[in-house]
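These numbers come from a predicted model, not from an experiment.
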Amino acid sequence: PDKPFLFFVGTLRRKKNLRALVSVFGQMPEPERSSYVLVLAGIRNPWPEFEELVRSPANRGRVFLPGYVGDADLVTFYNLATAVIYPSLFEGFGLPPIYAMACGTPVITSTGGAIPEVGGKASLSFEPEKPEQLAEAILAVVRQPELAAALVKKGLRHARKFTWDATARAYLDLYEEI
């Protein structure tokens, strides 16, 4: 994108809550409205209702769907994004917030399912059924550079906890309890 952008990566499933994200983005106030675009990577074959929302007058020319993004390009998107947003209604786990944190990008996550575990205190969170909280979180990150910098610092530290060794130890600990 030729402007600062907010970034999401994932599939187009209802549980991802992208309808809320795109709607909130379309209602951003000025000057953010004209300063930012939204990039939704990984979306293939969007259903007509979603395409209509993306092409609505509020979002026309401001929401981009690049489709599949390869790993090398994905890292570039994570690194260049103003923030990564993970608005899911529920998830068992979610790697995009951790990848974003490892890239030094501020992260905004919902409180759906296991996402609070993933984001910890290193992400700015909101309740997924409350789009006004999502809007507040986005505006807080883009308007407060000190908050964004604090999220980056916490995120880099938090992402280091998610190693393959730590994952294997946690799995073995769980298996031993059974």
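- As a member of the Ile/Leu/Val/Met/Phe/Trp/Tyr network built from side-chain separations under 4.5 Å, Trp164 groups with nothing else and remains a singleton.
- Connection of Phe5 to Leu38 is not established within any shared hydrophobic cluster, with ILVMFWY side chains joined at heavy-atom distances below 4.5 Å, either directly or through further cluster members.
- In the hydrophobic clustering of ILVMFWY residues, with side-chain heavy atoms under 4.5 Å counting as a link, Leu6 and Leu21 come out together.
- Phe7 and Ile138 fall into different hydrophobic clusters, where Ile, Leu, Val, Met, Phe, Trp and Tyr residues are linked whenever their side-chain heavy atoms come under 4.5 Å apart, directly or through other members.
- Rounded to the nearest 0.5 angstrom, Leu151 CG and Gln144 CD are separated by 9.5 Å.
- Not counting sequence neighbours, the partners of Lys15 by the side-chain contact (heavy atoms from CB on, under 4.5 Å) test are Arg13, Phe90, Glu91.
- When every heavy atom of Ala114 is checked against every heavy atom of Gly92, the shortest pair comes out as CB-O, 3.0 Å.
- Sorted by first and then second residue, the salt bridge (Lys or Arg N to Asp or Glu O under 4.0 Å) pairs involving residues 124-135 (not counting sequence neighbours) are Glu127-Lys130.
- Summarising the geometry of Pro66 relative to Leu40, their closest heavy-atom pair is CD-O, 3.4 Å, with the distance given to 0.1 Å.
- Other residues, nucleotides and ligands place more than 12 heavy atoms under 6.0 Å from the CZ atom of Phe77.
- Annotation: side chain of Thr82 is not in contact with side chain of Pro106 (no heavy-atom distance under 4.5 Å).
- When the side-chain contact (heavy atoms from CB on, under 4.5 Å) test is applied to Pro96, the partners found at least two apart in sequence or on another chain are Val9, Tyr78, Tyr86.
- Looking only at side-chain heavy atoms (C-beta outward), Leu124 and Leu147 come within less than 4.5 Å of each other.
- Within the 4.5 Å cutoff, no side-chain heavy atoms of Leu65 are placed close to those of Leu12.
- For the salt bridge (Lys or Arg N to Asp or Glu O under 4.0 Å) condition, no pair includes a residue of residues 63-89, sequence neighbours left out.
- In this structure Ser34 satisfies the side-chain contact (heavy atoms from CB on, under 4.5 Å) test together with Glu30, sequence neighbours excluded.
- Under the 4.5 Å side-chain contact rule for hydrophobic residues, Val142 and Val24 share a cluster.
- The salt bridge (Lys or Arg N to Asp or Glu O under 4.0 Å) pairs that include a residue from residues 97-109 number zero, where partners must be two or more places apart or lie in different chains.
- For Ala150, there are no side-chain contact (heavy atoms from CB on, under 4.5 Å) partners two or more places apart in sequence or in a different chain.
- Atom OG of Ser88 sits about 7.5 Å away from atom CG of Leu18, to the nearest 0.5 Å.
- Shown here for Ala166 and Lys161, the closest heavy-atom pair between the two residues is CB-O, 3.5 Å.
- Residues meeting the salt bridge (Lys or Arg N to Asp or Glu O under 4.0 Å) test with Lys153, sequence neighbours left out: none.
- Atom CG of Asn17 sits about 11.5 Å away from atom CD1 of Ile85, to the nearest 0.5 Å.
- Remark: the backbone N or O of Leu89 is not paired with any side-chain donor or acceptor of Ser110 at under 3.5 angstrom.
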Under 3.5 Å, side-chain donor or acceptor atoms of residues 41-64 against the rest of the protein: list the pairs with distances, not counting sequence neighbours.
from	atom 1	to	atom 2	distance (Å)
Ser56	OG	Leu53	O	2.9
Asn59	OD1	Gly26	N	3.3
Asn59	ND2	Val22	O	3.4
Asn59	ND2	Leu53	O	3.2
Arg60	NE	Arg55	O	3.4
Arg60	NH2	Arg55	O	3.1
Arg62	NE	Arg33	O	3.0
Arg62	NH1	Ala58	O	3.0
Arg62	NH2	Arg33	O	3.0

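- Screening residues 121-159 for ring pair (Phe, Tyr, Trp, His ring centres under 6.0 Å) gives His158-Phe162 as the qualifying pairs, with residues at least two apart or on separate chains.
- No continuous path of ILVMFWY side-chain contacts below 4.5 Å connects Val69 to Val75, so the two sit in separate hydrophobic clusters.
- Scanning both residues, Pro87 and Pro128, for their nearest heavy atoms gives O-CB, 4.1 Å.
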Compile the donor-acceptor pairs under 3.5 Å between side chains in residues 115-123 and protein atoms, sequence neighbours left out, one pair per line.
from	atom 1	to	atom 2	distance (Å)
Ser123	OG	Thr109	OG1	2.8

